[in-house]
Visitor: 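If you scroll down you'll find the structure; I have some questions about it.
Below, each value reflects all heavy atoms present in this structure, side chains not excepted, and no hydrogens, waters or symmetry copies. Numbers for residues simply follow the sequence, beginning at 1. Just so you know, these numbers come straight off a predicted model, no measurement behind them.
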Amino acid sequence: MGEGYLYIKTPVTVKLKSGELVDAFAYVYNHDVSECERIIGRLP
């Protein structure tokens, strides 16, 4: 059960605080979350 089952490795572009854009990868959950409770919070 490797990549592609629980998560999919997806290329993304990330904007840094400096404004610079860099290419990166994000692991995106590969299942329906529509029935999950949403947690709302703040980052430190």
Visitor: Is there a path of hydrophobic side-chain contacts, each under 4.5 Å between heavy atoms, that joins Val12 and Val22?
Guide: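 Val12 and Val22: one cluster.
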Visitor: Could you see if Val14 belongs to whatever hydrophobic cluster contains Val28? Use Ile, Leu, Val, Met, Phe, Trp, Tyr and a side-chain cutoff under 4.5 Å.
Guide: no
Visitor: Testing the basics here: between Tyr5 and Asn30, what is the closest heavy-atom pair and its distance to 0.1 Å?
Guide: O-ND2, 3.3 Å
Visitor: Between Ser34 (side chain) and Asp32 (backbone), is there a donor-acceptor pair under 3.5 Å?
Guide: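 Not a single qualifying donor-acceptor pair exists.
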Visitor: Starting from Leu21, can I reach Phe25 by hopping between I/L/V/M/F/W/Y residues whose side chains sit under 4.5 Å apart?
Guide: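 Different clusters: Phe25 never reaches Leu21 through Ile, Leu, Val, Met, Phe, Trp or Tyr contacts under 4.5 Å.
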